[in-house]
Amino acid sequence: MGVLEKIRKKITLALAEAAQEAHRAGRLACHELPEFVLEVPHDRVHGDFASNLALLLAQTEKTAPRKVAQTLLEFFRQPGGCISRTEVAGPGFINFYLDPAWHYEVLPEVDAQGEHYGCIDLGGGESVQVEFVSANPTGLLHMGNARGAAVGDTLANVLAAAGYNVQREFYINDAGNQIETFGRSLEARYLQLLGQDVTFPDDGYPGQDLVESMQHLIEQVKDKYLTVDPVLRREMLVKYALKEKLSQMERDLADFRVQYDLWFSEQTLHDSGEIENVLKELQASDYLYEEEGALWFRSTLFGDEKDEVLVRSNGIPTYFAGDIAYHRNKFRRGFDRVINIWGADHHGHVARLKGAMQALGFDPERLQVMIMQLVRLFKGGEPVRMSKRTGEYITLRDLMDDVGVDVARYFFVMRSADSHLDFDLDLAKEQNNENPVYYVQYAHARICSILKQAGAVPAAKDVDCSLLSDPAELALIRKIAELPGEIAYAASHLEPHRLAFYANELANLFHGFYTNCRVLCDEPALSQARLVLANACRITLHNTLHLVGVSAPERM
RNA sequence: GCGCCCAUAGCUCAAUUGGAUAGAGCGACAGACUUCGGAUCUGUAGGUUGGGGGUUCAAUUCCCUCUGGGCGUACCA
């Protein structure tokens, strides 16, 4: 826990005790303490922390909030003398002004923790699985997958930094109708490439990538499959193409700095009997029924508009059946919590999947689904039309080639998941001050340049940090001190975009410090202290960028 | 039609989950350095938070309604 978080906790506790004391002294009637907050005010003139406790108590006390605040302060006992001043302000807020001495504890802490600075133990080793991207292997990774990759990977990083035991997983949809369609598409391409006049299926996957895949295959086996039985042939083509496409996805994602702990195949759920098994388990309950030859799940019980088919009348289980088996499998593997990152086009599945988990006896709260809005691509001020139907769209690979990994990841993580993301390709390609990524990276490179000129960076414990008293210095230290709290917030609210904002604010305060305070100056002791501060800022920037998956260059 | 999401400065987005005077970046305008990286810094202008109602000490945030967008609404995934 960071210095600031410790102080926050102390004040929160002391405030609660003050309410108890006031209650004991007969000055407050309250029996139960309301859920109050100790927050950092928007405007710093309102102190370092502010609490709304009196405002909340006023309702049950039937007393003016400011009066309640006064009473609370009467009984408030300073924790460890870290507070220099308190006041009642506005409608009844209690503001706390900290003794600035706390600033000087921050830098030694950053120094000591280095690359681990910012890490906290919020999760206590709780095991969390994050499943993201899970794109259909029948095509290429598109912009939506790219957003999911950046957001999912960053969230996983943040959770790991917050003390959770994180597993990253990719669910491979290698079963079902689409594989059937995939096989027919591949077969048509294979035959076409060998000069046969066959028509491409109406519902086929039109992407050029399938043609390429079949070209590769023909290089190996020539026309050997022409004479093979069609059913067997499609099976062989799928097997080949699937392998090729998956290894391509794995390679593309790795280049995007995303590494999975596990690639989980849907087909294995069919093969192992887990799907059949989970259906039996559900059937034992009252959640299933048969109608028109199909097996249905009563998802209307969980807020769905209509019930959902689990087994078609042709006997083949649906994707939903597989998904239920898959999620039961996840819980059975021992994850305390399971997080899925889905595109907005899948939001309709949330209620029924949670419902299915509940039906199986799992607490649905243990399954969290983060919904990401869709991505719109802009080029030259115009939206770029993308069509999966025609197979023409910008792929993750195109994006990386075009704008680079740093820019792409930063742009995706910069936005909150529930905002429709307009990805401006022209802006992303700009290598100037219009591009927010470089603002942050520039701050890091600038620090590295200073440290290089200084030669050696002294250890924080060996310098007098209290020489740092300029407002720009104190503001920077404060922002550095906020990283652990930011990580805690981002992890518990599943909001990785906060990290990008934090990085930007930190860079902004560094540039302000740089302009106002010369690091390599005439006063040796002050210069040493500023070097320590600059270095702490470098570490903090580096760690934050690392969480987002963006490089922290020493030169640019 | 019904369900979910979204609408905030000219543009792209925040807002500590109900808190005090709604903030950043870009763009516009005006400024700053004879030493550490100008991909920087400072300032100004820019808002009825899509419209209207409601809940309360307090609403961008919660409820209702209308408008305008996105997505979903298959024995597809």
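In what follows, every chain begins at residue 1, and chains take the letters A, B, ... in the order their sequences are listed.
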Practice task
Kindly state whether the pair A/His46 / B/A20 counts as stacked, where counting means centroids closer than 5.5 Å and planes tilted less than 30° apart.
Solution key: yes
Problem - Heavy-atom donor-acceptor pair, A/His42 side-chain to B/U16 base, under 3.5 Å - result: yes
Practice task
Sort out for me which residue in A/Lys306, A/Glu305, A/His349, A/Arg352 forms a side chain to side chain contact (heavy atoms under 4.5 Å, CB included) with A/Ser299.
Solution key: A/Arg352
Handout entry: Nearest-Å distance once atom P is located in both B/U60 and B/C36
Key = 47 Å
Problem - Between B/G51 and B/G68 - C1' atom distance, rounded Å - result: 11 Å
Handout entry: B/A14 versus B/A9 - spacing of their P atoms, nearest Å
Key = 13 Å
Handout entry: Under 3.5 Å on both distances, the Watson-Crick or G-U partner of B/U55
Key = none
Handout entry: Under 5.5 Å and under 30°: A/His347 stacked on B/C71
Key = no
Handout entry: Side-chain donor-acceptor contact under 3.5 Å, A/Tyr289 with A/Asp307
Key = yes
Exercise for the section: Using the P atom as the reference point in each nucleotide, state the distance between B/C41 and B/G25 in Å, no decimals. Expected result: 8 Å
Practice task
Check whether any side-chain N or O of A/Gln373 sits under 4.0 Å from OP1 or OP2 of B/G69, and answer yes or no.
Solution key: no
Handout entry: Comparing A/Arg8 and A/Ala175 on RNA chain B - which has the more 5′ nearest nucleotide
Key = A/Arg8
Practice task
Could you measure between the two P atoms, the one in B/C63 and the one in B/G19, and give it in whole Å?
Solution key: 15 Å
Practice task
Report the glycosidic orientation of B/U17: syn if within 90° of 0, anti in every other case.
Solution key: syn
Handout entry: Greater than 12 external heavy atoms within 6.0 Å of A/Glu35's CD
Key = no
